[in-house]
Amino acid sequence: MTLTHVRVMLEYFHPWTNAAGLYVASREGWYRDAGLDVELTVFDPQRGDTLEHLARGEVHLGVFPTNRLLVRSAAGQPLHAVASINHRGMETIQTVVGRGITRPRDLEGKRLALNPTPRGLAMVRHLVAVDGGDPDAVILVDSGYRELSADDIAAGEVDATFGGYWAWDALFAQIPGPERITWPVDEIGAPPYHSYLLGTGPAALAPDELAAFLSATERGYRTATEQPGLALEILDRVIPYFPRSILSRSLELIAPTWWHGDRWGEIRPDLMDPYTDWLAANAILPATFDWRQAVATPAGVQAVPR
């Protein structure tokens with residue numbers, strides 16, 4: 001049997017537990033059974049993020065943040081989501097005990113490290129404002145792509161950080177748990193949203209190939225959820241430089257975000273509508289933008305209501 005080569009690009013600088021379902025499907029041979037030779041890769045940051053690689057037709061499928069897809073779609077780029085990966089926001093505000101920060105509005109007058117993208121800046125301002133604080137009083141520190149940790153806060157580099165994930169970055173801190181403060185953004189006032197979507201660009205697969213890929217991928221995510229031991233064994237071969245205890249805890253935390261009830265891959269209007277409205281209200285998207293133009297409904301996947 002001749003296999004169709006499919007290049008899939010992940011969302012981060014290296015694989016992490018959010019890709020467990022893809023790696024399980026690959027290792028167990030389910031893509032091959034579907035006639036697909038799937039290559040899982042990560043982006044070259046010197047050449048742009050996953051969406052830039054997708055837009056150039058260098059990969060067939062990619063995983064990417066929802067907001068970045070919507071911005072590029074609004075600019076007319078031929079990029080479309082075909083499935084969701086996560087049904088929650090991943091980001092956090094982190095600090096440590098003793099900094100006088102017990103709620104978001106306490107960030108007034110404090111040094112907050114973040115990658116100051118338009119969306120990141122808007123989110124920080126929003127979270128402080130909805131708690132009754134003055135966003136202009138927060139002292140912003142540009143940390144670029146480097147994610148400062150609770151250990152960096154304890155060392156005095158800053159007073160708090162925005163952006164690290166509660167199911168990943170936050171798990172690596174060495175400072176004892178009782179001394180850390182971690183607030184998932186969707187628990188302190190952020191609009192609901194899909195953190196990551198899976199989508200295509202100009203090098204799209206044929207409809208039957210895409211349907212086969214999605215079916216095998218769903219099976220991979222279901223197995224990673226139900227058999228975390230198997231998923232960890234496979235991840236050990238992909239990212240062996242991370243402690244097994246952290247991978248295990250991360251997988252335990254992130255697996256529930258892959259599902260809406262018993263359904264995988266659903267792109268939900270109840271998450272897309274408020275997030276698009278919020279992005280538009282913060283001038284990140286045009287006020288008239290309809291997120292549905294950035295979504296393609298493959299065969300076998302529930303249609304997005306219009």
Side-chain angles (χ1 to χ4, degrees), residues 1-44 47-65 69 78-86 194 196-228 230-239 251 254-255 257-259 262-267 294-304:
M1 178 175 65
T2 301
L3 302 178
T4 299
H5 179 243
V6 180
R7 195 160 189 251
V8 183
M9 185 166 282
L10 307 180
E11 72 271 31
Y12 197 50
F13 299 101
H14 55 73
W16 64 298
T17 50
N18 205 32
L22 294 159
Y23 281 103
V24 169
S26 178
R27 178 68 183 279
E28 294 298 290
W30 297 329
Y31 292 133
R32 182 170 293 272
D33 292 346
L36 306 174
D37 172 24
V38 171
E39 173 192 356
L40 300 174
T41 187
V42 295
F43 59 81
D44 176 355
R47 303 185 65 250
D49 64 5
T50 295
L51 283 162
E52 290 187 53
H53 288 74
L54 268 175
R56 291 193 295 262
E58 296 169 354
V59 293
H60 302 93
L61 289 154
V63 181
F64 41 74
L69 168 70
L79 301 163
H80 295 90
V82 297
S84 65
I85 300 293
N86 308 102
H194 295 288
Y196 288 106
L197 301 171
L198 173 73
T200 64
L205 300 177
D208 60 333
E209 294 170 339
L210 178 57
F213 175 86
L214 291 175
S215 178
T217 300
E218 178 176 0
R219 185 179 179 187
Y221 274 100
R222 191 171 300 279
T223 301
T225 302
E226 296 174 350
Q227 301 180 47
L230 172 64
L232 287 170
E233 178 185 339
I234 294 169
L235 289 173
D236 273 344
R237 298 173 61 89
V238 178
I239 42 176
L251 191 60
I254 204 167
T257 76
W258 299 331
W259 304 96
D262 193 47
R263 297 192 296 277
W264 179 87
E266 181 182 4
I267 299 175
V295 174
T297 304
V301 175
Q302 183 178 359
V304 175

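Bear in mind the structure is a predicted one, so any value in this text is a computation, not a measurement.
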Atom pair CG (Leu232) and CD (Gln227), whose distance is rounded to the nearest 0.5 Å: 11.5 Å
Nearest heavy atoms of Ile239 and Pro15, plus distance in Å: CG2-O, 3.3 Å
Of all pairs that satisfy side chain to side chain donor-acceptor pair (under 3.5 Å), the ones with a partner from residues 206-216, not counting sequence neighbours: Thr4-Glu209
Check whether the side chains of Thr225 and Trp258 place a donor and an acceptor atom closer than 3.5 Å, and report yes or no. no
Among all residues two or more places apart in sequence or in another chain, which pass the side chain to side chain donor-acceptor pair (under 3.5 Å) test with Thr257? Asn86
How long is the straight-line distance from NE2 of His80 back to CG of Leu69, given to the nearest 0.5 Å? 8.5 Å
Determine whether Thr223 and Leu230 satisfy the following criterion, side-chain contact (heavy atoms from CB on, under 4.5 Å), listing intermediate values before the conclusion. CA-CA 8 Å; Thr223 301; Leu230 172 64; 3.7 Å; yes
Nearest-0.5 Å distance that lies between atom CD in Glu52 and atom CZ in Arg47: 9.0 Å
Tell me every residue that passes side chain to side chain donor-acceptor pair (under 3.5 Å) with Arg56, counting only those two or more places apart in sequence or in another chain. Glu58
Is there a side-chain contact (heavy atoms from CB on, under 4.5 Å) between Trp16 and Leu235? Walk through the geometry before answering. CA-CA 8 Å; Trp16 64 298; Leu235 289 173; over 6 Å; no
Is the backbone N or O of Gly62 less than 3.5 Å from a side-chain atom of Thr50, with the two atoms forming a donor-acceptor pair by type? no
Check residues 20-43 and write down every donor-acceptor pair under 3.5 Å in which the side-chain atom is one partner and the other belongs to a residue at least two apart or another chain.
from	atom 1	to	atom 2	distance (Å)
Tyr31	OH	Thr217	OG1	2.7
Glu39	OE1	His5	NE2	3.0
Glu39	OE2	Arg7	NE	3.3

Enumerate the salt bridge (Lys or Arg N to Asp or Glu O under 4.0 Å) contacts for residues 215-227, please, sequence neighbours excluded, ordered by first and then second residue. Glu218-Arg222, Arg222-Asp262
Test item: Asn18 and Tyr12 side chains (from C-beta on) under 4.5 Å apart, heavy atoms: no
Might you point out which heavy atoms bring Ala224 and Leu251 nearest each other, and give the distance in Å? O-CD2, 4.4 Å
Test of understanding: with ring pair (Phe, Tyr, Trp, His ring centres under 6.0 Å), list the residues that count as partners of His60, not counting sequence neighbours. none
Would you say that Phe213 contacts Val8 through its side chain, given a criterion of any heavy-atom pair below 4.5 Å between the two side chains? yes
To the closest 0.5 Å, what do you measure between CD1 (Ile254) and CD1 (Ile85)? 10.0 Å
Is there a side-chain contact between Glu11 and Tyr196 in this structure, where contact means two heavy atoms from C-beta onward sitting under 4.5 Å apart? yes
May I ask you to test the Leu79-Thr200 pair for a side-chain heavy-atom distance under 4.5 Å? no
